[in-house]
2 protein chains.
Amino acid sequence: MAAPLLRRLGRFTALALDEIDAVRDLISRRKRWRPGTTLFAEGRSAAPQFLLSGWACSQRVLRDGRRQIFDFVLPGEGFGSGSAVDGQARQTVVALTSVETVDAGAFIDAAREASPHGLWRAIRATEKEEDARRLEHMVRLGRLMAHEKVAHFILEMQRRSGADNAASFALPLTQETISDALGVSVVHLNRVLRQLRSENLVHLRGGVAFVGNAKGLAAATVLPPPPSG
Amino acid sequence: MAAPLLRRLGRFTALALDEIDAVRDLISRRKRWRPGTTLFAEGRSAAPQFLLSGWACSQRVLRDGRRQIFDFVLPGEGFGSGSAVDGQARQTVVALTSVETVDAGAFIDAAREASPHGLWRAIRATEKEEDARRLEHMVRLGRLMAHEKVAHFILEMQRRSGADNAASFALPLTQETISDALGVSVVHLNRVLRQLRSENLVHLRGGVAFVGNAKGLAAATVLPPPPSG
DNA sequence: CGGTTATTTGAAATACGTCAATTCAAGTGG
DNA sequence: CCACTTGAATTGACGTATTTCAAATAACCG
């Protein structure tokens, strides 16, 4: 149960035994929510949490129903800490599948006071990673074409799923959800997916992504940074 | 000279006299750069700075020349602190006009160690604001139409320029720059501007924006958060 | 004033969105 | 095991927002 969380934090530091225990201890206080539940509402005061299992997304909904998804929250990742003004959160977090969450406020405070290295360092690192992802997402939204967006997105998800370079990985998202993340209509996304499938680049089916040709996908993406340093 | 910086920091806390002196002291170490200069290169280690005068932008350039601007840096604002992975900055900051900058690393460290309130609090607040702006920007890029993007952008700039609700304010950006921020072609941006001008909503000329009808502009934007809480 | 950069406009191509149906997959209850 | 329901995926036809190409001003600068 603690595996996803430990795996993510462990990527940045070797965790001490008592830190691992602290994480295990968190698990007992977890809560379960059904898909569609609002885990964290925009305008409420910030409340950092960990997502132990399932998928969620951070988003904003416009008056007329249009939706922009800012980021996805994968098992073991945190949410609810960033981008608040006057203590007011600026984004809503919604469960996409059945999920389990646990409050991380006290845990994070303890980590910060314990040591600037170790756990605290790992938590900071995941936040920085989130920041960097946001920049990529902005480039994707503003400057990539639909097929580039999709290719780029699939590769990001492959990497984040931990299944580096694996031929298939879990991607429990509907096309509607993906389209709201990429800023494209569902219908158009569907057509782009058909195209990519026919070229044997990716194949989405039943919540699983099959990558037929990772190199080809990367080629379909215009990698962000220029060659020059 | 210190005015823009003091004004921005002062929005969040009443600054103590020695804090004001510290800011004034910074000024003496300022450096001047010409338009087009790269103030901060992606991949370099993070180095927080203040922009004392002039305008800059944070951006990324794609291989094929496409550019996405993440945010603008106005006089008195800071840059170079956020979103780094492994200490590597993820964005490039470029001077759009002639600018003056000063290194803020030591200054910020001192503020943090001095007190969790006062100056440090103000600095944190500006960073949170930047975060929130990024979310708005994502919605704009992903879910607004060109004319909505422009209206939304003008209103953001009006607010940030401090000239709340003023009929005109400085906006020293070329249409090319604006188009790279909004994820639209220059040509199309130009046509949208013509449209908005003909409706007497905004008028850009000579680096100054004239807002003819702020209410109308707001109506042309789909305000992000939904009515429900 | 000449040279460069920014703005503006037209015409044509296309990427993408909307509307409306149809198919498909996955329950659910009988 | 079979209707029956529901939500997601898929497809066609059509309209439009936006891009690209090319060229003509207009503004800027030494």
Side-chain angles (χ1 to χ4, degrees), chain A residues 34-36 55 57 62 64-68 94-98 140-154 171-198 202-210 220 222, chain B residues 34-36 55 57 62 64-69 94-98 140-153 171-198 202-210 220 222:
Chain A
R34 47 180 61 239
W55 283 51
C57 71
L62 276 55
D64 58 6
R66 281 181 281 182
R67 172 172 73 150
Q68 179 61 53
V94 174
L96 295 171
T97 67
S98 176
R140 207 157 52 193
L141 288 171
R143 280 310 184 201
L144 297 197
M145 290 194 302
H147 65 274
E148 296 171 323
K149 287 180 179 182
V150 175
H152 189 266
F153 175 74
I154 296 293
L171 193 70
L173 307 174
T174 68
Q175 295 189 6
E176 172 123 35
T177 301
I178 298 176
S179 75
D180 280 339
L182 299 183
V184 171
S185 73
V186 206
V187 177
H188 195 53
L189 173 68
N190 183 287
R191 286 193 241 267
V192 169
L193 284 174
R194 168 155 54 94
Q195 176 64 22
L196 294 179
R197 188 191 318 143
S198 78
V202 249
H203 189 120
L204 267 47
R205 184 193 169 81
V208 178
F210 302 87
V222 179
Chain B
R34 48 180 61 239
W55 283 51
C57 73
L62 276 55
D64 59 5
R66 281 180 280 182
R67 172 172 72 149
Q68 178 62 51
I69 292 180
V94 174
L96 295 171
T97 67
S98 174
R140 205 158 53 193
L141 289 170
R143 281 309 185 200
L144 297 197
M145 290 194 301
H147 65 273
E148 296 171 323
K149 288 181 180 183
V150 175
H152 188 266
F153 174 73
L171 193 69
L173 308 174
T174 69
Q175 293 189 8
E176 171 123 35
T177 301
I178 298 175
S179 75
D180 280 338
L182 299 184
V184 171
S185 73
V186 206
V187 176
H188 194 54
L189 173 69
N190 183 286
R191 287 194 241 267
V192 169
L193 283 174
R194 168 156 54 94
Q195 176 64 21
L196 294 180
R197 188 190 319 140
S198 79
V202 248
H203 189 119
L204 266 48
R205 185 193 169 82
V208 177
F210 301 87
V222 179

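In the text below, chain A, chain B and the rest are named by the order of the sequence lines, each starting its count at 1.
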Round to the nearest Å and state the distance from A:I178 atom CD1 to D:dA8 atom C1'.
12 Å

Separation of atom CD in B:E148 from atom P in D:dT16, rounded to whole Å:
17 Å

Nearest-angstrom distance from the residue atom CG of B:L144 to C1' of C:dG17:
15 Å

Taking side-chain hydrogen bond (donor to acceptor under 3.5 Å, both in side chains) as the test, write out the residues that go with B:R67, two or more places apart.
B:Q59, B:D180

When the rotation axes relating C1' atoms of four end pairs to the next four are compared across the helix from C:dC1-D:dG30 to C:dG30-D:dC1, five pairs an end, they differ to 10° by 50°

Counting side-chain heavy atoms from C-beta on, which of C:dA6, D:dT11, D:dT18 comes nearest to A:R194?
D:dT11

What residues, two or more places apart in sequence or in another chain, satisfy side-chain hydrogen bond (donor to acceptor under 3.5 Å, both in side chains) together with B:T177?
B:T174

Side chain to side chain contact (heavy atoms under 4.5 Å, CB included) partners for A:A181, two or more places apart:
A:I69, A:F72

Can you tabulate the close N/O pairs, meaning under 3.5 Å, that link protein atoms to atoms of nucleotides 19-21 of chain D?
from, atom 1, to, atom 2, distance (Å)
D:dT19, OP1, B:S185, N, 3.3
D:dT19, OP2, B:S185, N, 3.1
D:dT19, OP2, B:S185, OG, 3.1
D:dT20, O4, B:R191, NH2, 3.1

So does B:R205 get a side-chain nitrogen or oxygen closer than 4.0 Å to the phosphate oxygens (OP1/OP2) of D:dA26?
no

Only counting residues at least two apart or in another chain, list the ones meeting side-chain hydrogen bond (donor to acceptor under 3.5 Å, both in side chains) with A:R66.
A:D64, B:E148

Counting the atoms with a prime plus P, OP1 and OP2 as sugar-phosphate, which does A:R66 contact under 4.0 Å by heavy atoms, base, sugar-phosphate, or nothing?
nothing

Considering non-hydrogen atoms only, spot the tightest contact between B:L141 and B:G183 and give its length.
CD2-N, 3.9 Å

Ranking A:N190 and B:K149 by the position along DNA chain D of their nearest nucleotide, the one closer to 5' is A:N190

Once side chain to side chain contact (heavy atoms under 4.5 Å, CB included) is applied, do any residues pair with A:R34, and if so which ones, sequence neighbours excluded?
A:T37

Is any side-chain N or O of B:Q175 closer than 4.0 Å to OP1 or OP2 of C:dT8?
yes

Heavy-atom distance under 4.5 Å between the side chains of A:V150 and A:V184, does that happen here?
no

My understanding is that only residues two or more places apart in sequence, or in another chain, count here; which of them pass side-chain hydrogen bond (donor to acceptor under 3.5 Å, both in side chains) with B:S185?
none

Round to a whole Å and report the spacing from CE of B:M145 to C1' of C:dG17.
10 Å

Side-chain donor-acceptor distances from residues 187-196 of chain A under 3.5 Å, at least two apart:
from, atom 1, to, atom 2, distance (Å)
A:N190, ND2, A:Q175, OE1, 3.0
A:Q195, NE2, A:E199, OE2, 2.4

